[in-house]
Amino acid sequence: MAKGRELTPQSQDFSAWYNEIVQQAELASQSPVRGCMVIRPYGYRIWELMQGALDGMFKATGHQNAYFPLFLPKSALDREAQHFEGFAPETAIVTHAGGVELEEPLVVRPTSEAIIWPILSDWIQSYRDLPVLLNQWANVVRWEMRTRPFLRTTEFLWQEGHTAHASEEEAEEETRRMLGVYRTFMEDWMAMPVITGLKTDSERFAGALRTYACEALMKDNKGLQAGTSHNLGQNFARAFDVRYQTEDGEHEFVWSTSWGVSTRLIGALIMAHGDDAGLILPPKLAPYEVVVVPIWRDDEQREQVFEAGERVRIELEKAGVRVHVDAREGMNPGVKYYDWERRGVPLRLEVGPRDVQAESVMAVRRVTPEGADRKLPLPMEGVGRVLRDMLDAIQEETLAAALARRESATVRGLEDYSEFQRLMETDGGFAFTGWCGDGECEQQVKDDTRSTIRVIPDEEFRSPNAPVRCLCGEPSVYEVVRARAY
RNA sequence: CGGGGAGUAGCUCAGUCCGGCAGAGCACUGGCUUUGGGAGCCAGGGGCCGCGGGUUCAAAUCCCGCCUCCCCGACCA
């Protein structure tokens with residue numbers, strides 16, 4: 001990356017910055033296939049850490065993992081009309097296989113409802129079979145017009161939860177519960193604050209009754225939909241004839257939900273925290289929380305320094321810290337510093353002859369807190385505990401910083417349309433405004449400003465004095481969060 | 001699909017206007033010296049100049065056709 005490039009809210013510079021980070025931090029590289037991505041080991045490790053955390057949270061809420069086919073029979077996708085309309089334009093279709101033309105084309109799944117529900121309709125007979133709480137870790141394909149590493153790729157990795165319930169209330173509860181799980185993950189693990197709420201009809205998942213979402217704000221002040229949770233009502237049950245027998249012997253359609261987050265979250269992580277020097281990773285999702293850089297002049301020092309580095313590594317591992325000793329030869333320490341900073345490692349430990357002499361190590365944080373010394377000498381004795389605590393503090397500080405940044409880029413109570421238009425043209429960010437509830441008004445604002453209603457926020461995010469008028473001047477029915485978004 | 005830009009070494013690009021030996025920096029390989037914030041010297045490897053045709057004694061360069069990629073919009077997690 002060019003030295004001294006500012007990370008500005010001008011999205012064009014930001015775009016270039018983003019692409020460079022993805023390359024230089026070795027997260028992903030270009031694939032020979034249009035819009036697909038190659039996730040490199042360092043980037044994939046972040047995904048594995050995300051998977052581990054999310055999977056634990058899914059299990060803790062009673063879900064089980066399963067796996068369903070990659071291909072959907074084309075006819076299955078047509079079963080739910082809105083679902084078909086929503087996804088048909090962006091599907092990839094297999095027409096030939098095994099050297100012959102297929103009788104029925106196969107659709108590479110853009111999401112799995114159309115294959116899961118025909119199967120679950122056989123699994124579900126009685127109210128005793130409910131609820132069904134499933135999750136699948138998989139890849140999906142959506143042939144989008146424009147792609148961007150992690151944020152929008154032709155093929156992406158994700159998890160999709162699919163559940164069936166005996167009542168509408170239970171399905172709604174599940175939808176909200178999983179939205180909450182996502183929120184907790186994004187705040188506690190990604191250190192990324194989000195606003196949760198309901199999507200408007202125009203942004204609702206194809207075939208859903210209601211779509212809820214977690215909306216995050218990136219450093220260029222554009223919004224990002226980071227996760228969604230859908231209450232599908234009985235739409236899919238009707239389309240795929242998923243019925244169960246109640247205690248009274250009646251036959252009822254199940255109530256279903258689906259929810260998902262994808263490798264887009266890696267993009268979110270980059271854009272929520274990164275700075276001019278590169279990636280900034282919250283410790284909980286950093287492949288390495290600490291990197292040890294040994295420094296030496298001659299063979300004798302080399303031996304001493306590596307011995308000390310090894311002791312540090314063992315002690316850190318005992319304290320539950322992911323640590324890596326950068327033993328690369330023939331490379332100046334400075335090069336290694338820049339390398340690991342670019343890759344977002346939260347803490348670096350320098351171990352040189354002077355430190356060995358003093359029985360200490362030199363700790364340097366990726367982000368120096370206000371008023372703190374950049375370099376911090378620590379006694380070797382008990383360094384595991386000290387660094388574990390420091391990393392936990394860094395995790396908290398990363399979230400606090402992101403939250404403060406979001407709040408500084410949030411405007412509330414805007415009613416004047418020209419003022420709103422100017423805001424979207426210049427600073428961007430989240431704008432809490434009124435909305436009359438009319439879809440045409442929503443579209444007009446989108447055409448005028450390229451901003452959209454990100455979410456009708458949940459109660460805790462709403463303003464104490466919500467605007468009484470929509471941007472169009474009509475009385476406001478909902479307070480909404482508007483922003484330009486990815 | 002509209003608007004803009006680019007295809008030359010692994011990467012970033014110069015050379016194209018005005019035709020004349022295929023270039024630079026970085027990266028890579030080997031050697032020596034270095035190592036507390038992006039190391040130095042020496043030696044070396046690496047090319048279908050996007051593809052096809054034409055003009056010419058001679059084409060990366062001029063002409064015609066085609067292809068691909070990137071950026072900005074419309075579509076979207």
Side-chain angles (χ1 to χ4, degrees), chain A residues 1-4 10-16 18-20 23-24 29-35 85-91 110-111 139-160 182 199 202-206 211 213-216 223-230 258-268 277-278 293-299 301-302 305 326 328-342 348-358 360-362 364 374-375 377 443 446-447 450 452 454 484-486:
Chain A
M1 170 176 348
K3 284 186 195 175
Q10 266 70 55
S11 52
Q12 210 173 331
D13 292 342
F14 194 80
S15 249
Y18 179 82
N19 289 329
E20 277 186 52
Q23 297 296 320
Q24 298 199 7
S29 53
Q30 207 78 46
S31 115
V33 182
R34 192 205 93 103
E85 255 179 60
F87 284 106
E90 59 189 51
T91 53
T111 177
N139 56 340
V140 288
V141 167
R142 295 183 188 177
W143 217 265
E144 304 288 357
M145 291 168 185
R146 262 191 73 202
T147 60
R148 212 174 180 18
F150 294 116
L151 292 187
R152 190 171 301 101
T153 45
T154 300
E155 178 188 5
F156 56 93
L157 306 183
W158 78 344
Q159 74 42 232
E160 47 182 323
Y182 288 155
K199 284 282 181 183
S202 71
E203 303 243 329
R204 200 177 53 207
F205 177 75
T211 289
C214 296
E215 288 286 331
L224 182 79
Q225 181 171 305
T228 47
S229 184
H230 317 287
S258 70
W259 27 273
V261 295
S262 71
T263 36
R264 165 178 271 200
L265 291 182
I266 298 171
V293 179
I295 300 157
W296 72 92
R297 272 170 214 281
D298 51 43
D299 284 352
Q301 286 183 347
R302 184 180 180 283
V305 157
D326 187 349
R328 287 177 290 182
E329 307 266 352
M331 207 178 198
N332 285 328
V335 180
K336 296 182 180 180
Y337 300 164
Y338 281 104
D339 195 28
W340 293 113
E341 276 165 17
R342 192 160 45 220
R348 171 177 85 236
L349 290 187
E350 305 174 6
V351 181
R354 296 207 289 270
D355 306 293
V356 172
Q357 206 63 42
S360 69
V361 293
M362 190 67 81
V364 185
R374 181 156 161 71
K375 297 198 173 190
Q443 185 61 42
K446 184 177 176 181
D447 292 345
R450 282 163 50 209
T452 50
R454 302 313 304 157
R484 285 189 182 172
Y486 281 99

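Letters A, B, ... mirror the listed sequences (proteins, then strands); counts begin at 1. For clarity, every value in this text was computed on a predicted model and none was experimentally measured.
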B/A39 phosphate, OP1 or OP2, under 4.0 Å from A/Lys336 side-chain N/O: no

Per-pair stack call A/Tyr338 and B/G38, 5.5 Å, 30°: yes

Counter-base of [N], judged by Watson-Crick or G-U geometry with both distances under 3.5 Å:
{"N": "B/C41", "answer": "B/G31"}
{"N": "B/C26", "answer": "B/G10"}
{"N": "B/G73", "answer": "B/C1"}
{"N": "B/C66", "answer": "B/G50"}
{"N": "B/C17", "answer": "none"}
{"N": "B/U55", "answer": "none"}

Donor-acceptor pair between A/Arg454 and A/Thr452 side chains, under 3.5 angstrom: yes

Contacts of A/Trp158 that satisfy side-chain hydrogen bond (donor to acceptor under 3.5 Å, both in side chains) - sequence neighbours left out: A/Glu160

Side chain of A/Glu341 (C-beta onward), nearest among B/G37, B/A74, B/G36: B/G37

Options B/G36, B/C75, B/G38, nucleotide nearest the side-chain atoms of A/Arg342: B/G38

Interatomic distance where CZ belongs to A/Arg328 and P belongs to B/G38 [whole Å]: 15 Å

Polar atom pairs between nucleotides 31-34 of chain B and protein, under 3.5 Å, N or O only, would you list them?
none

